[in-house]
Every structure is written in structure tokens, then in C-alpha cells.
Amino acid sequence: MQQQCLRHSGNDPVDSELYPEIYAALNSIPKGAVTSYGAIARIVGCGPRQVGYALRRLPKETKLPWYRVVSSSGRISLPKGQGYEVQHQLLCDEGIDFNLKGRIDMKRFSWHG
DNA sequence: TAAATGACTCGCT
DNA sequence: AAGCGAGCCATTT
């Protein structure tokens, strides 16, 4: 089922501009690059967990490149079966190279504002 | 209001 | 190299 968002519910972070900095940072990530939660946290001036929170609240249909955010270890934080495969595929489509252990070479692909 | 949770990170073992 | 625990702070219950 879907929520009726026709009014100012305040429950929708994207619409309510809860973390405009984070969403802006996501759009700032160039295509074919990734960044870590900590890097974004650094930009917006909050903790890395809050970045994860903001991303988790994004709707599936979001236009934001949420998939370009990975852990500082170059590893996808989403558990398998909960979006891991999706993010992996999206990154592969952008040319991100994965290690045999499913790790990204951050020295090569990581981006920082 | 207080306690628990989490798409993190770092340091130690 | 890999695993474990503590710190972190907004959101949720």
C-alpha cells in the first residue's frame, strides 16, 4: 500500500528537506565514482550513521544516486537480499570495478567533495 | 523522557 | 587479513 502524501505529512524526508545537504552531496557525486558515508558525513557535518539513515529513508523511485555510497572499506553496506545485488549491479553499470571479495578499490573510485 | 536501533568508522587483538 | 568492541548521533519506539 502507499501513503497519501498529498498534504504536508512531514513524514517524507525528501519532500520535507530534512537533510538537503546530504541529498545535494549525492547529486554531486560524479558518474562512475563512489564515496563513503563518512565522506558525506564530513561534508554535511554529521555522523556517518546519519547519512545511512537519510539514504534508507529514500523512496525506491528516488532520482538520487544512493547506490554511489559505500562503506569506507569499499564494501556495500546493504546485506544481500536487501539491496546488495541491486547496488552492485548499478555500480557495475557505471563502470565501477569490484574485487573478488566484492570490494571496490576506493583509491581509484572514491570521490570527495 | 529514556532506551533501543542502525545502509558507519576506527582501533585493538 | 579478519574479527570484535567501543564511539558516534539522529531517528524511532
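FYI, side chains are in, hydrogens and waters are out, and symmetry mates aren't considered; it's all heavy atoms of this structure. Order of the sequence lines sets the chain letters (A, B, ...), proteins ahead of strands, with each chain counted from 1.
With rounding to whole Å, A:Arg75 atom CZ is found 15 Å from C:dA1 atom P. Atom-to-atom, CD1 of A:Ile22 to C1' of B:dA7 comes out at 12 Å; the value is rounded to the nearest Å. Here the C1' atom of nucleotide B:dA7 and the CD atom of A:Glu85 are 16 Å apart, to the nearest Å. Between the C1' atom of C:dA10 and the CZ atom of A:Arg57 lies a distance of 9 Å, rounded to the nearest Å. The nearest whole Å value for the distance from the CZ atom in A:Arg49 to the P atom in C:dA6 is 14 Å. For the pair A:Glu21 CD and C:dA10 P, the interatomic distance rounds to 15 Å; values are reported in whole Å. As a whole-Å value, the separation of A:Arg68 CZ from B:dA7 C1' is 17 Å. Across the protein-nucleic acid pair, A:Ile104 atom CD1 and B:dA7 atom C1' stand 13 Å apart, rounded to whole Å.
The nearest pair of heavy atoms linking A:Leu78 to A:Trp66 is CD2-CZ3, 4.4 Å. Considering every non-hydrogen atom in both A:Ile96 and A:Gly32, the closest pair reads CD1-O, 3.3 Å. Residues A:Ser71 and A:Ser77 come closest through the heavy atom pair CB-OG, 3.6 Å. The minimum heavy-atom distance linking A:Phe109 with A:Gly95 is given by the pair CE2-O, 3.8 Å.
Listed by residue number, A:Ser36, A:Tyr37, A:Gly38 are the residues of residues 24-43 of chain A with a heavy-atom contact under 4.0 Å to DNA chain B. Residues from residues 93-103 of chain A with heavy atoms under 4.0 angstrom of DNA chain B: there are none. Across residues 77-84 of chain A, A:Ser77, A:Leu78 each have a non-hydrogen atom less than 4.0 Å from an atom of DNA chain B (numbered order).
Counting only distance, with no hydrogens or angles, the side chain of A:Gln87 and the backbone of A:Tyr67 share a donor-acceptor pair below 3.5 Å. Formation of a donor-acceptor pair under 3.5 Å by the A:Ser28 side chain with backbone atoms of A:Ala24 is found in this model. One N or O on the side chain of A:Thr35 and one on the backbone of A:Trp111 form a donor-acceptor pair closer than 3.5 Å.
Between A:Val70 and A:Ser36, every side-chain heavy-atom pair lies at or beyond the 4.5 Å cut-off.
More than 12 heavy-atom neighbours from other residues, nucleotides or ligands sit within 6.0 angstrom of CZ on A:Arg75.
Both A:Val34 and A:Val44 are assigned to one and the same hydrophobic cluster, defined by single-linkage of ILVMFWY side chains at heavy-atom distances under 4.5 Å. A:Tyr53 and A:Val51 fall into different hydrophobic clusters, where Ile, Leu, Val, Met, Phe, Trp and Tyr residues are linked whenever their side-chain heavy atoms come under 4.5 Å apart, directly or through other members. A single hydrophobic cluster is seen to contain both A:Val69 and A:Tyr23, as judged by linkage of ILVMFWY side chains at heavy-atom distances under 4.5 Å, directly or through other members.
In this structure, A:Ser73 does not reach the B:dT9 phosphate: none of its side-chain N or O atoms is under 4.0 Å from OP1 or OP2. Neither OP1 nor OP2 of B:dC8 sits under 4.0 Å from any side-chain N or O of A:Ser71.
The side chain of A:Tyr53 has B:dT5 as its nearest neighbour among B:dT5, B:dA7, B:dT9. Nearest to the side chain of A:Trp66, among B:dA7, B:dT9, C:dA10, sits B:dA7. For A:Arg56, whose side chain is taken as the heavy atoms from C-beta onward, the closest listed nucleotide among B:dA7, C:dG7, B:dT9 is B:dA7.
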